[in-house]
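Down below is the structure, laid out as structure tokens.
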Amino acid sequence: MIRGYRLKKLIGPTAGFRNALGILTAGCASFIIGAALSFKLIVLPFLEWLAESANELLSHLVSQGKLEYATHILGGAFLFLGFYLIFSGVRLAVRHLVQTLSPGIKQGMVGIYLRRQQLAQGPHIVALGGGTGLSTLLRGLKQHSSNITAIVTVTDDGGSSGRLSQETGMIPPGDIRNCLVALAEAEKSMTDLFQYRFKLEQGSLSGHSMGNLLIAGLVDQAQGDFEKAIEIASDVLAIRGRVVPSTLSHVRLKATMEDGSEIFGETKIVDAREKIRRIYLDPQNADPYQAAIDAILDADLICIGPGSVYTSVIPNLLVPGILSAIRQSDGVKAYICNVMTQPGESDSFTASEHVMAIQSNVDGKFCDYVLVNSGVPNEELIGKYRTSNQFLVEADIDRIRAMGFKVATGDFMSQSELVRHDPLRLATRLMRLIGE
């Protein structure tokens with residue numbers, strides 16, 4: 001599989017072009033054969049007439065002794081000029097066509113063609129999760145392939161997504177919107193529009209995301225067809241890959257807490273700030289989205305996380321059929337552990353405890369590799385997070401190996417005002433797993 005992937009990557013930029021080149025070669029061969037058959041009857045007399053006309057014209061301009069020399073010079077000049085004009089004309093025509101179809105294009109057309117062909121021949125990647133963790137990962141993965149399927153959890157019941165779900169009956173669009181924007185190639189003004197959020201004092205629109213409202217409008221326009229609405233939004237944003245829900249069923253989360261109590265709904269579970277013993281889908285028999293199952297079975301790389309372990313990562317694995325498809329797939333399976341702990345979900349969790357939390361909810365091994373961050377933020381950022389009761393996830397890799405998982409470590413952090421995964425570093429390490 002690895003050799004096939006490497007060969008595919010090597011010849012990838014010529015895919016599609018090879019068919020056109022084959023047709024062009026056949027056309028040239030046909031033209032040459034036709035010219036050879038009719039050369040004496042049509043082509044040669046025409047060329048002789050041109051040569052005689054040119055010689056007659058030159059004989060009036062130069063002396064007889066220099067006529068042959070002048071003929072060679074003029075012939076070479078016309079050949080060069082003809083080649084240059086043909087090349088310039090084709091180049092200008094192609095450039096005009098490309099700029100008409102893609103007005104915002106700025107870099108070289110050859111570079112764009114090679115880059116897009118290379119991405120089109122990239123590995124088939126599936127990324128499962130939700131929240132900002134998944135969208136961060138997708139920004140890195142889209143630099144390596146356009147064959148990406150983001151499988152998104154649909155249990156969000158808070159904020160704009162929760163309100164639209166209650167009022168319109170659609171599944172929550174928020175995490176799907178974030179993933180669409182993360183994979184987008186559209187102009188920044190368009191992605192900024194999708195991510196714009198109305199201020200709290202703006203009446204009935206307060207707190208709503210413009211992208212959520214646009215998706216809701218597309219669902220209504222498509223007469224309730226959520227799949228069609230996401231397809232249209234994907235086309236508008238010109239995304240690399242596709243974004244699909246793990247299920248089209250309306251589901252919510254149910255948690256059994258450490259004290260034995262049960263809490264329903266993602267927002268209430270997080271707000272409870274109590275230790276979670278186990279998480280469930282309600283109802284438990286939700287139908288999986290078939291496109292998600294097909295993508296998993298066809299994947300070269302399956303990424304689980306990063307994200308809130310109980311409300312973003314585990315819910316997708318609880319959808320019937322998703323976990324069994326992951327186990328059946330021949331692709332490399334990797335869980336990306338969080339960089340920082342999360343209050344109300346993973347308080348004081350080490351990396352191995354993140355893995356144990358997932359494994360105890362899905363009953364069995366769910367991945368081959370665990371990616372663990374080994375970088376350390378600066379002391380100022382650590383202090384800032386400490387005030388929010390958040391801490392750097394301890395990389396206890398020996399315990400993870402003892403659980404039967406392979407471990408890939410590295411500095412995967414991006415430090416700005418927040419400590420998060422760096423999309424490019426993370427994606428580059430994941431791509432190396434395919435070769436390993």
Does any non-hydrogen side-chain atom of I358 lie less than 4.5 Å from one of H354? no

Could you grab the distance from atom OG1 of T311 to atom CG of D175, nearest 0.5 Å is fine? 9.0 Å

Looking only at heavy atoms, the pair that brings E353 and F349 closest together is OE1-CA, 3.2 Å

Flag the pair F198 / H208 as yes when their ring centroid distance falls below 6.0 Å, and as no otherwise. no

Does atom CD of E380 have more than 12 heavy-atom neighbours from other groups under 6.0 Å away? no

Kindly indicate whether the side chain of L253, heavy atoms from C-beta on, has any atom under 4.5 Å from the side chain of Y310. no

Could you tell me whether a side-chain N or O of D411 sits under 3.5 Å from a main-chain N or O of M413, the two making a donor and an acceptor? yes

Could you walk me through whether L317 and V319 pass the side chain to side chain contact (heavy atoms under 4.5 Å, CB included) test, one step at a time? CA-CA 6 Å; L317 303 178; V319 175; over 6 Å; no

For R242 and T149, indicate whether the former's side chain and the latter's backbone hold a donor-acceptor pair under 3.5 Å. no

Below 4.5 Å, heavy atoms only, C-beta onward: do Y280 and T256 meet side chain to side chain? yes

Flag the pair M431 / P123 as yes when at least one side-chain heavy-atom distance between them is below 4.5 Å, and no otherwise. yes

Mind checking side-chain hydrogen bond (donor to acceptor under 3.5 Å, both in side chains) for T409 and listing every partner two or more places apart, or none if nothing turns up? none

Please report the C-alpha distance between L297 and I293 in whole Å, then the side-chain angles of each, then the deciding distance to 0.1 Å, and finally whether the side chain to side chain contact (heavy atoms under 4.5 Å, CB included) criterion is met. CA-CA 6 Å; L297 294 174; I293 299 292; 4.1 Å; yes

Determine whether more than 12 heavy atoms belonging to other residues, nucleotides or ligands lie under 6.0 Å from atom NZ of K275. no

Answer yes when R252 and D157 have at least one side-chain N-carboxylate O distance shorter than 4.0 Å, and no when they do not. no

Please check: side-chain N/O of Y369 versus main-chain N/O of L430, any donor-acceptor pairing under 3.5 Å? no

Heavy-atom side-chain proximity of I230 to F226 below 4.5 angstrom: yes

With a sphere of 6.0 Å drawn around CD of Q223, does it hold more than 12 non-hydrogen atoms of other residues, nucleotides or ligands? no

Rounded to the nearest 0.5 Å, what separation is found between the CZ atom of F412 and the CZ atom of R425? 9.5 Å

Starting at OG of S234, measure out to CD1 of I176 and round the result to the nearest 0.5 Å. 9.5 Å

Pair L205-L213, side chain to side chain contact (heavy atoms under 4.5 Å, CB included): steps then yes or no: CA-CA 9 Å; L205 293 176; L213 294 176; 3.9 Å; yes

Show the nearest heavy-atom pair for residues H250 and M170, with the distance to one decimal. CE1-O, 3.3 Å

Mind checking ring pair (Phe, Tyr, Trp, His ring centres under 6.0 Å) for F405 and listing every partner two or more places apart, or none if nothing turns up? F366

Could you tell me which residues satisfy side-chain hydrogen bond (donor to acceptor under 3.5 Å, both in side chains) with D192, sequence neighbours excluded, listed by chain and number? K188

Closest heavy-atom pair and its distance - A233, L180: CB-CD1, 4.0 Å

Assess the residue pair D156 and E266 against the criterion (side chain to side chain contact (heavy atoms under 4.5 Å, CB included)); give the C-alpha distance rounded to whole Å, side-chain angles, the decisive distance to 0.1 Å, and a yes or no. CA-CA 6 Å; D156 186 7; E266 180 180 315; 4.1 Å; yes

Verify, without hydrogens or angle tests, whether S30 (side chain) and A26 (backbone) share a donor-acceptor contact under 3.5 angstrom. no

Sub-3.5 Å donor-acceptor pair from the side chain of D300 to the main-chain atoms of H124, do we have one? yes

Side-chain donor-acceptor contacts of residues 331-341 below 3.5 Å, not counting sequence neighbours, with atom names and distances?
| unit_1 | atom_1 | unit_2 | atom_2 | d |
| --- | --- | --- | --- | --- |
| K333 | NZ | I326 | O | 3.3 |
| K333 | NZ | S329 | O | 2.7 |
| N338 | OD1 | G307 | N | 3.0 |
| N338 | ND2 | G307 | O | 2.9 |
| T341 | OG1 | F391 | N | 2.9 |
| T341 | OG1 | F391 | O | 3.4 |

Mind checking the CD1-CD1 spacing from I263 to I276? Nearest 0.5 Å is all I need. 8.0 Å

Do NZ/NE/NH1/NH2 and the carboxylate oxygens of D235 and K228 come within less than 4.0 Å? no

Euclidean distance, Q166 CD relative to T168 OG1, rounded to 0.5 Å: 10.0 Å

Would you name the heavy atoms of L141 and C303 that are closest together and state the gap between them? CD1-SG, 4.4 Å

Verify whether one side chain among S249 and D287 offers a donor that lies under 3.5 Å from an acceptor in the other. no

Report yes if the side chains of C179 and L138 come closer than 4.5 Å at any heavy-atom pair, otherwise no. yes

Has the side chain of N147 got a donor or acceptor atom that lies under 3.5 Å from a matching backbone atom of G122? yes

Heavy-atom pair of closest approach, residues V419 and L381: CG2-CD1, 3.8 Å

Looking at R429, I'd like to know if its CZ atom is crowded, meaning that more than 12 non-hydrogen atoms belonging to other residues, nucleotides or ligands lie closer than 6.0 Å. yes

Side-chain donor/acceptor of K199 to backbone N/O of S206, under 3.5 Å: no

Rounded to the nearest 0.5 Å, the CG atom of D259 sits from the CD atom of E262 at a distance of 10.5 Å

With a 6.0 Å cut-off (strictly less than), is the heavy-atom count around CE of M257, excluding the residue itself, greater than 12? yes

For the side chain of S165 and the backbone of S161, is there at least one donor-acceptor N/O pair under 3.5 Å apart? no

Can you check whether L281 reaches T155 side chain to side chain, under 4.5 Å on heavy atoms? yes

Please answer whether the main-chain N or O of Q359 pairs with a side-chain N or O of D363 as donor and acceptor at a distance below 3.5 Å. no

Are the side chain of S146 and the backbone of L119 linked by a donor-acceptor contact shorter than 3.5 Å? yes

Residues at least two apart in sequence or cross-chain that pass side-chain hydrogen bond (donor to acceptor under 3.5 Å, both in side chains) with R177, listed by chain then number, are Q195, S209, N212

How close do G404 and K365 get, heavy atom to heavy atom, and via which atoms? O-NZ, 2.9 Å

Below 4.5 Å, heavy atoms only, C-beta onward: do F194 and L214 meet side chain to side chain? yes

Taking salt bridge (charged side-chain N to carboxylate O under 4.0 Å, His left out) as the cut-off, I'd like each qualifying pair that reaches into residues 307-318, sequence neighbours left out, listed once. none

